[in-house]
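In the text below, chain A, chain B and the rest are named by the order of the sequence lines, each starting its count at 1.
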Amino acid sequence: MGPPDTLNMTKSNCYQEIFSVVSRIPKGRVATYGQVALLAGLPRKVRLVGYALSAVRNYLPIPWHRVVNAKGQISSRFEESPAEELQRLRLEDEGVIFDARDCIPLIHYQWHPEQKQR
DNA sequence: CAATTGACGCCCA
DNA sequence: TTGGGCGCCAATT
């Protein structure tokens, strides 16, 4: 079971695009699922983003924790998952502050890829 | 091959 | 303001 450093579980270009976008989110910033879908060129396939992220493995260098829903909250998994807690811890570790309603003020933390780094 | 399932987002009551 | 419902469509079973 060679731990692949490549996304060998990726079976489509959709996933590649999604992971590519997520990988560009800077530390300490967040992007919404809809935003990622848009940037990946998949305007209405918002749910596919969440689907793709669920396939991400821990050893893969993808900052999946920087993707939150449109309200700025950490999206609930199917069932209560430690991943949700981990996501919050990672974000706080990057300097993201949650408000009293467990929301991340997108007005302040949302990523704005002004110029595509090329 | 057909049905079900999502780590969502938007609309409307 | 908040909650419920529906649309999206690839992936999975």
Quick check for you: among [options], whose closest atom lies nearest to any side-chain atom of [X]?
X: A:Gln87; options: B:dC8, B:dA7, C:dA11; value: B:dA7
X: A:Trp64; options: B:dG9, B:dA7, C:dA10; value: B:dA7
X: A:Arg47; options: C:dG7, B:dA7, B:dG9; value: C:dG7

Exercise. For the residue pair A:Arg90 and A:Trp64, establish whether any side-chain heavy-atom pair is separated by less than 4.5 Å.
Key: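 With C-beta onward as the side chain, the pair touches.
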Quiz prompt | Contact check, side chains of A:Ile97 and A:Tyr109, non-hydrogen atoms, under 4.5 Å | solution =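 In short, these two side chains touch, coming nearer than 4.5 Å.
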In whole angstrom, give the distance that lies between atom [atom1] of [X] and atom [atom2] of [N].
X: A:Phe19; N: C:dA11; atom1: CZ; atom2: C1'; result: 13 Å
X: A:Gln16; N: C:dA11; atom1: CD; atom2: P; result: 12 Å
X: A:Tyr33; N: C:dC9; atom1: OH; atom2: C1'; result: 18 Å
X: A:Ile74; N: B:dC8; atom1: CD1; atom2: P; result: 12 Å
X: A:Arg77; N: B:dC8; atom1: CZ; atom2: C1'; result: 13 Å
X: A:Leu48; N: C:dG7; atom1: CG; atom2: C1'; result: 15 Å
X: A:Arg90; N: B:dA7; atom1: CZ; atom2: P; result: 18 Å
X: A:Lys71; N: B:dA7; atom1: NZ; atom2: C1'; result: 13 Å

Practice problem: Mark yes or no for whether A:Arg66, through its side chain, and A:Ile25, through its backbone, hold a donor-acceptor pair below 3.5 Å. | Solution: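 Side chain of A:Arg66 to backbone of A:Ile25, a donor-acceptor pair under 3.5 Å: yes, one is there.
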Quiz item: How would you label the contact of A:Leu53 with the nucleic acid (heavy atoms, under 4.0 Å): base, sugar-phosphate, or nothing?
Solution: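 Base, at least one base heavy atom under 4.0 Å.
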Exercise. For A:Ser54, answer base if it contacts any base atom (sugar-phosphate contacts may also be present), sugar-phosphate if it contacts only those atoms, and nothing otherwise; contact means non-hydrogen atoms under 4.0 Å.
Key: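 The answer is base, as A:Ser54 lies within the cut-off (heavy atoms under 4.0 Å) of a base atom.
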Self-check item: Base-pairing assignment for B:dT5 (Watson-Crick or G-U wobble, both under 3.5 Å)
Solution: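 Checking every strand shown, B:dT5 finds its partner in C:dA10, with both distances under 3.5 Å.
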Exercise. With a 3.5 angstrom cut-off on both distances, give the Watson-Crick or G-U wobble partner of C:dT1, or none if there isn't one.
Key: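 Across all strands, not a single nucleotide pairs with C:dT1.
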Self-check item: Contact nearer the 5' end of DNA chain C, comparing A:Arg44 with A:Arg101
Solution: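 Looking at DNA chain C, the more 5' nearest nucleotide goes with A:Arg101.
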Exercise. Please name the residue in the list A:Cys103, A:Ser76, A:Ser75 that meets the side-chain contact (heavy atoms from CB on, under 4.5 Å) test with A:Asn69.
Key: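 Going through the options one by one, the only one that passes is A:Ser75.
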Quiz item: Should A:Ser75 be listed as having a side-chain N or O under 4.0 Å from OP1 or OP2 of B:dA7?
Solution: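 No, no such contact exists.
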Exercise. May I ask you to verify if any side-chain N or O of A:Lys45 is less than 4.0 angstrom from the OP1 or OP2 atom of C:dC8?
Key: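 For A:Lys45, the contact criterion (side-chain N or O under 4.0 Å from OP1 or OP2 of C:dC8) is not met.
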Quiz item: Between the side-chain atoms of A:Tyr51 and the base atoms of B:dA7, is any donor-acceptor pair under 3.5 Å?
Solution: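 It does not, because no donor-acceptor pair links the side chain of A:Tyr51 to the base of B:dA7 below 3.5 Å.
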Practice problem: Taking only Lys NZ, Arg NE, NH1 and NH2, and the carboxylate oxygens of Asp or Glu, determine whether A:Arg88 and A:Glu92 approach each other closer than 4.0 Å. | Solution: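 Salt bridge flag = yes for A:Glu92 with A:Arg88.
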